[in-house]
Amino acid sequence: DDGYSKAPTTDWYKEIFRTAKVNNYEVNVSGGTEKTKFYVSGNYNKTDGIIKHTDYNRATGRVNLSHALTSWLTLNTNNTFSRNTYHQAPTTGAYNPARTAMFLLPGVSPRDDEGNYVRDLPYGYYMYNVPQMMELNEYSGKSSNLLSANDLTFKIIPGLEFKSSYNFDMTWMKEHQYSDPRTRLGSRVNGQVSAYSTDIDKFQTEQVLTYNSTVFGNRLNAVAGFSY
């Protein structure tokens with residue numbers, strides 16, 4: 001036995017990376033009548049990361065509506081809702097898969113003879129079993145966002161209009177991190193879970209009065225209003 005013929009040969013790039021797929025689906029419908037116009041659309045995107053156990057998903061829906069309530073009053077509303085989920089890999093230190101793949105020794109295996117992950121690699125500059133941590137540890141997040149732009153337009157007299165707008169931008173974010181105690185990283189603290197939540201609400205309103213006319217062959221334009 002030369003000591004080498006039975007040694008494992010590990011392709012760390014194959015253990016860490018993969019061929020990623022991107023799927024995108026979209027549908028939209030528009031139409032209306034003389035008084036009402038509408039547009040509805042939906043989109044779903046699923047993107048796998050080139051690093052195993054990473055991905056990004058996004059679903060978006062949009063509804064736009066314009067309706068003449070009367071000959072002098074029009075309602076417009078444009079709304080977009082999106083939801084994002086992702087699973088990512090850490091990007092710092094010895095646990096950065098893209099960096100570590102270049103330095104792990106091919107003579108070291110991430111699994112024992114029974115096919116189970118080992119917690120620590122037996123030797124080498126990097127002792128972290130990156131494929132194990134990628135599978136057992138979690139770095140994920142979710143975010144939702146609602147954009148809503150709404151206005152009423154009043155035609156007071158020919159050339160004189162008043163537009164009252166109300167806009168909302170609301171975001172909800174949640175992040176989750178988990179270090180499994182079976183991994184080298186998680187064993188330091190006997191496992192760890194962290195959760196973060198953030199809500200961001202924005203509101204804006206604009207009240208604008210405009211006048212457009214022609215006086216003695218000259219155009220007259222005037223605007224007055226405020227926003228906050």
Side-chain angles (χ1 to χ4, degrees), residues 7-28 41-62 80-147 171-189 191-198 200:
T9 300
T10 302
D11 185 342
W12 288 105
Y13 277 86
K14 187 176 180 180
E15 292 283 348
I16 294 174
F17 296 99
R18 66 180 176 182
T19 300
K21 298 180 180 179
V22 177
N23 297 282
N24 191 73
Y25 309 92
E26 184 172 354
V27 62
N28 62 79
S41 69
N43 175 269
Y44 177 72
N45 176 273
K46 185 180 188 304
T47 302
D48 294 333
I50 61 171
I51 297 176
K52 292 182 178 180
H53 308 290
T54 64
D55 59 58
Y56 174 81
N57 301 295
R58 178 181 176 87
T60 304
R62 175 177 295 180
T80 301
F81 180 80
S82 62
R83 182 172 178 83
N84 308 283
T85 61
Y86 63 85
H87 298 86
Q88 65 181 30
T91 57
T92 58
Y95 185 20
N96 182 337
R99 174 189 178 193
T100 307
M102 298 184 293
F103 298 102
L104 291 171
L105 300 177
V108 178
S109 174
R111 301 172 183 83
D112 59 23
D113 294 337
E114 297 180 356
N116 300 314
Y117 282 120
V118 297
R119 192 190 73 176
D120 298 331
L121 300 181
Y123 58 87
Y125 179 70
Y126 288 98
M127 308 295 287
Y128 292 88
N129 189 342
V130 175
Q132 178 206 36
M133 292 193 294
M134 289 168 52
E135 182 173 327
L136 299 181
N137 294 345
E138 297 179 19
Y139 293 80
S140 61
K142 298 179 180 179
S143 67
S144 300
N145 176 256
L146 174 64
L147 291 173
T171 302
W172 306 271
M173 296 182 291
K174 292 183 179 181
E175 293 184 323
H176 170 81
Q177 296 185 10
Y178 171 66
S179 296
D180 194 292
R182 292 171 291 180
T183 65
R184 181 180 177 89
L185 188 68
S187 65
R188 297 174 177 177
V189 290
Q192 186 178 52
V193 176
S194 301
Y196 308 91
S197 179
T198 303
I200 303 174

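In this chain, numbering begins with 1 at the start of the sequence shown.
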(message) Measuring only between side-chain heavy atoms, which start at C-beta, is His176 closer than 4.5 Å to Val193?
(response) yes
(message) Could you report the tightest heavy-atom contact between Asp112 and Val118, atom names first, then the distance?
(response) N-CG1, 3.9 Å
(message) For Gly49, is there any backbone N or O sitting under 3.5 Å from a side-chain donor or acceptor partner on Gln88?
(response) no
(request) For Arg119 and Asn129, indicate whether the former's side chain and the latter's backbone hold a donor-acceptor pair under 3.5 Å. (result) no
(message) Using a 3.5 Å distance criterion without hydrogens, assess whether the side chain of Lys174 forms a donor-acceptor pair with backbone atoms of Ser140.
(response) no
(request) Give a yes or no on whether a salt bridge exists between Arg111 and Glu15, defined as a side-chain N under 4.0 angstrom from a carboxylate O. (result) yes
(message) Keeping Trp12 on the side-chain end and Leu105 on the backbone end, is there a donor-acceptor pair under 3.5 Å?
(response) yes
(request) Using a 4.5 Å cut-off on heavy atoms from C-beta on, say whether the side chain of Thr60 contacts that of Thr80. (result) yes
(message) Show the nearest heavy-atom pair for residues Tyr139 and Ser179, with the distance to one decimal.
(response) OH-OG, 4.3 Å
(request) Kindly give the heavy-atom pair with the smallest separation between Asp48 and Ala20, and that separation in Å. (result) O-CB, 3.0 Å
(message) Let me confirm one number: the CE-OH distance from Met134 to Tyr128, rounded to the nearest 0.5 Å.
(response) 16.0 Å
(request) Indicate yes or no: at least one non-hydrogen side-chain atom of Tyr44 is less than 4.5 angstrom from one of Asn57. (result) yes
(message) Quick check against the 3.5 Å criterion: does Asn145 have a side-chain atom that pairs as donor or acceptor with the backbone of Trp172?
(response) no
(message) Show the nearest heavy-atom pair for residues Ala101 and Phe17, with the distance to one decimal.
(response) CB-CE1, 3.8 Å
(message) Please report the interatomic distance CD1(Ile51) to CZ(Arg18), rounded to the nearest 0.5 Å.
(response) 9.5 Å
(message) Looking at Asp120 and Arg184, is there a salt bridge between them, counting it only when a charged N and a carboxylate O are closer than 4.0 Å?
(response) yes
(request) Kindly indicate whether the side chain of His53, heavy atoms from C-beta on, has any atom under 4.5 Å from the side chain of Glu135. (result) yes
(message) With a 4.5 Å cut-off on side-chain heavy atoms, are Ser41 and Glu26 touching?
(response) no
(message) A side-chain contact here means heavy atoms from C-beta on lying under 4.5 Å apart; do Asn28 and Asn43 qualify?
(response) no
(message) Restricting to non-hydrogen atoms, name the atom on Ala89 and the atom on Thr54 that form the minimum distance, rounded to 0.1 Å.
(response) N-CG2, 3.7 Å
(request) Starting at CE of Met173, measure out to OH of Tyr196 and round the result to the nearest 0.5 Å. (result) 13.5 Å
(message) Using the rule given for side-chain contact (heavy atoms from CB on, under 4.5 Å), can you reason through Met133 versus Tyr117, listing the C-alpha separation, both sets of side-chain angles and the distance that settles it, and then say yes or no?
(response) CA-CA 10 Å; Met133 292 193 294; Tyr117 282 120; over 6 Å; no
(message) Quick check: do Leu104 and Leu121 have side-chain heavy atoms less than 4.5 Å from each other?
(response) yes
(message) Distance check, rounded to the nearest 0.5 Å: Ile16 atom CD1 versus Ile50 atom CD1?
(response) 11.0 Å
(message) Please determine whether the number of non-hydrogen atoms from other residues, nucleotides or ligands lying under 6.0 Å from atom CG of Asp113 exceeds 12.
(response) no
(message) Please give me the minimum heavy-atom distance between Arg83 and Lys142, naming the atom from each residue.
(response) NH2-CD, 3.4 Å
(request) Check ring pair (Phe, Tyr, Trp, His ring centres under 6.0 Å) between Phe81 and all other residues, then give those that pass, not counting sequence neighbours. (result) none
(request) Report yes or no: do Ser143 and Asn84 form a side-chain donor-acceptor pair below 3.5 Å? (result) yes
(request) With the side chain counted from C-beta on, respond yes when Asp180 and Gln132 share a heavy-atom pair under 4.5 Å apart, and no when they do not. (result) no
